[in-house]
Amino acid sequence: MHSSRYVRHLGMCLAAALMAGGLAGCSADAVRPAHPAPRARPSVTPSPSGPAATARVRALLLPYDRYELTPGDLATVQAAEDAVMVSCMRAQGRSWTPLPAATDADPPNRARYGVIEADVAARYGYHQPPSPPGVAGRGTAEDARNARLTQADADAAFGKPGASQSVGGCWKTAHDALREDVPKSPHNLLDELTTSSFDDSLKDSRVRHALSRWSACMKKSGYSYGTPLDAAADSKWQKTDRPSRQETSVALADVRCKERTRLVEEWSAVERAWQREFIRERPGQFRALALAKDTWLRAARAALRDTTRRH
């Protein structure tokens with residue numbers, strides 16, 4: 001994988017920005033599948049997998065997480081869409097094998113404050129680690145299924161490819177069925193607030209002091225960076241697809257200094273307080289966001305239960 005940095009300015013793309021009225025998120029591509037191109041000789045290489053998140057990282061939660069689709073929620077929705085596609089494909093005389101949801105999707109804030117796990121730092125430095133084993137395994141299974149599709153099967157499943165970037169076919173039918181009762185919500189507001197929460201936290205005196213302590217700790221290890229963002233953005237890491245020994249050494253020092261200075265605890269505490277305040281100031285809008293998320297997930301889980309009963 002090319003050297004996309006593990007630290008991401010806004011943390012994870014937690015949810016999908018789908019069609020009009022969708023929930024908050026970074027990109028419609030997070031949920032919308034690509035139209036697969038059938039292969040003359042189906043051959044799929046298993047996707048590499050990275051370490052699953054630790055319990056400590058899974059416990060790193062922020063108030064806005066309640067209102068966004070987490071990666072785990074997203075896995076549930078995708079599995080439900082997959083399951084609902086079966087009847088649509090069958091109506092066209094075609095078969096469709098649904099895949100189970102991955103149960104080890106990343107928690108929402110695993111990368112919000114940069115690399116925070118020693119195992120990840122030692123293996124990948126600031127490069128993007130592979131998906132956890134269950135997510136990677138599902139991806140490989142999905143690739144294998146798509147590789148077996150004929151062109152007609154692919155068109156029925158995802159619509160005929162054309163100039164439009166949207167996806168149709170039975171996936172669109174399943175997607176719309178799950179979202180039929182989902183009310184509109186101010187997802188753009190949540191996107192903006194998630195952005196401002198992170199950006200503004202960098203200006204907070206408590207975070208600045210914690211960052212200064214982190215920087216001093218890094219200097220004792222022989223590295224001169226003002227913030228973890230600076231360390232992750234070092235141009236030296238952009239030159240290779242794999243992390244160098246120097247990169248993993250810096251990343252490990254980064255993690256150790258975060259732990260010694262309690263940077264993540266203080267930084268997340270500041271964001272947590274601000275997010276709670278914003279939620280209190282906008283109760284109606286956040287109720288609408290929660291209702292939209294809950295309705296969508298309820299429909300997805302019901303679809304998965306129905307599929308289990310039928311089998």
Side-chain angles (χ1 to χ4, degrees), residues 5-17 23-26 53-74 105-118 120-121 185-218 225-233 254-294 297:
R5 296 185 301 277
Y6 186 54
V7 66
R8 281 162 262 179
H9 176 57
L10 299 179
M12 305 284 293
C13 284
L14 305 178
L23 290 179
C26 303
T54 63
R56 174 174 169 268
V57 172
R58 290 192 176 280
L60 180 58
L61 299 173
L62 296 171
Y64 287 171
D65 298 337
R66 166 68 183 90
Y67 306 95
E68 299 180 292
L69 285 182
T70 67
D73 295 335
L74 192 56
D106 278 342
N109 301 303
R110 188 176 191 180
R112 188 171 182 86
Y113 306 107
V115 60
I116 58 176
E117 297 160 282
V120 172
S185 60
H187 59 280
N188 288 337
L189 169 67
L190 189 55
D191 287 342
E192 294 168 4
L193 291 177
T194 300
T195 301
S196 63
S197 174
F198 186 90
D199 288 345
D200 291 346
S201 70
L202 289 168
K203 305 169 189 174
D204 186 277
S205 61
R206 292 162 293 181
V207 174
R208 288 203 310 271
H209 290 152
L211 288 170
S212 294
R213 294 194 300 273
W214 174 90
S215 182
C217 175
M218 290 291 284
Y225 296 104
T227 72
L229 295 159
D230 299 330
D254 179 354
V255 172
R256 286 194 294 266
C257 285
K258 284 188 177 100
E259 292 173 348
R260 289 170 184 167
T261 62
R262 294 183 55 81
L263 173 61
V264 174
E265 288 81 358
E266 295 200 30
W267 199 344
S268 61
V270 168
E271 280 208 272
R272 202 169 287 119
W274 284 6
Q275 290 186 11
R276 286 181 183 135
E277 181 179 350
F278 282 128
I279 291 169
R280 284 194 298 269
E281 291 173 352
R282 300 165 175 82
Q285 291 168 311
F286 278 93
R287 278 196 298 270
L289 286 163
L291 179 61
K293 174 180 176 176
D294 292 347
L297 284 176

Note to self: As a quick check of understanding, evaluate side chain to side chain contact (heavy atoms under 4.5 Å, CB included) for Leu193 and Ser196, giving each step before the final call.
What the structure shows: CA-CA 5 Å; Leu193 291 177; Ser196 63; 4.2 Å; yes

Margin query: I need the His209 NE2 to Glu266 CD distance, nearest 0.5 Å.
Written below: 10.5 Å

Note to self: Minimum heavy-atom separation for Glu117 and Ala53, please, with both atom names.
What the structure shows: OE2-CA, 3.7 Å

Notebook entry, point to check: Given the rule in the side chain to side chain contact (heavy atoms under 4.5 Å, CB included) test, do Arg66 and Lys293 qualify, once you have shown the distances and angles that lead to the verdict?
Noted result: CA-CA 9 Å; Arg66 166 68 183 90; Lys293 174 180 176 176; 4.3 Å; yes

Check: If every non-hydrogen atom of Ala231 is compared with every non-hydrogen atom of Trp214, which pair is closest and at what distance?
Finding: CB-CH2, 4.2 Å

Note to self: With a 4.5 Å cut-off on side-chain heavy atoms, are Pro108 and Leu61 touching?
What the structure shows: yes

Item checked: Ring-ring centroid check Phe198 Trp267, cutoff 6.0 Å -> yes

Note to self: What I want to check is whether the side chains of Gln275 and Tyr67 have a donor and an acceptor closer together than 3.5 Å.
What the structure shows: no

Next item on the list: Of all the heavy-atom pairs spanning Leu60 and Arg272, show the shortest one and how long it is.
Entry: CD1-NH2, 4.1 Å

Next item on the list: Report the C-alpha distance between Arg282 and Leu190 in whole Å, list the side-chain angles of each, state the deciding distance to 0.1 Å, and finish with yes or no for side chain to side chain contact (heavy atoms under 4.5 Å, CB included).
Entry: CA-CA 11 Å; Arg282 300 165 175 82; Leu190 189 55; over 6 Å; no

Notebook entry, point to check: Is the backbone N or O of Leu211 less than 3.5 Å from a side-chain atom of Ser215, with the two atoms forming a donor-acceptor pair by type?
Noted result: no

Check: How many angstroms lie between atom CZ of Arg280 and atom CD of Glu277, to the nearest 0.5 angstrom?
Finding: 6.0 Å

Next item on the list: Determine the minimum heavy-atom distance between Ile279 and Pro63, stating which atoms define it.
Entry: CD1-CB, 3.7 Å

Check: Hey, which of Arg260, Arg56, Arg206, Lys258 is the one that makes salt bridge (Lys or Arg N to Asp or Glu O under 4.0 Å) with Glu265?
Finding: Arg56

Notebook entry, point to check: How long is the gap from CD on Glu68 to NE2 on His187, to the nearest 0.5 Å?
Noted result: 12.0 Å

Notebook entry, point to check: Between atom OG1 of Thr227 and atom CZ of Arg208, what is the distance when rounded to the nearest 0.5 Å?
Noted result: 13.5 Å

Checklist line | Ser201 and Asp204 side chains, donor-acceptor separation under 3.5 Å | finding: no

Notebook entry, point to check: Which value, rounded to the nearest 0.5 Å, describes the distance between Met218 atom CE and Thr261 atom OG1?
Noted result: 10.5 Å

Next item on the list: Determine yes or no for a side-chain-to-main-chain donor-acceptor pair under 3.5 angstrom, with Asp191 supplying the side chain and Asn188 the backbone.
Entry: no

Margin query: For a quick test of reading the model, state the closest non-hydrogen atom pair linking Leu263 to Pro228 and the distance between them.
Written below: CD2-CG, 3.8 Å

Next item on the list: Could you tell me the separation between the CZ atom of Phe278 and the OH atom of Tyr64, rounded to the nearest 0.5 Å?
Entry: 5.0 Å

Check: Any idea which heavy atoms bring Val207 and Leu202 closest together, and the distance?
Finding: CG1-CA, 4.4 Å

Note to self: Tell me if a side-chain donor or acceptor on Asp230 pairs with a main-chain N or O of Tyr225 at a distance below 3.5 Å.
What the structure shows: no

Next item on the list: Using the test side chain to side chain contact (heavy atoms under 4.5 Å, CB included), find all partners of Glu192 that sit at least two apart in sequence or belong to another chain.
Entry: none

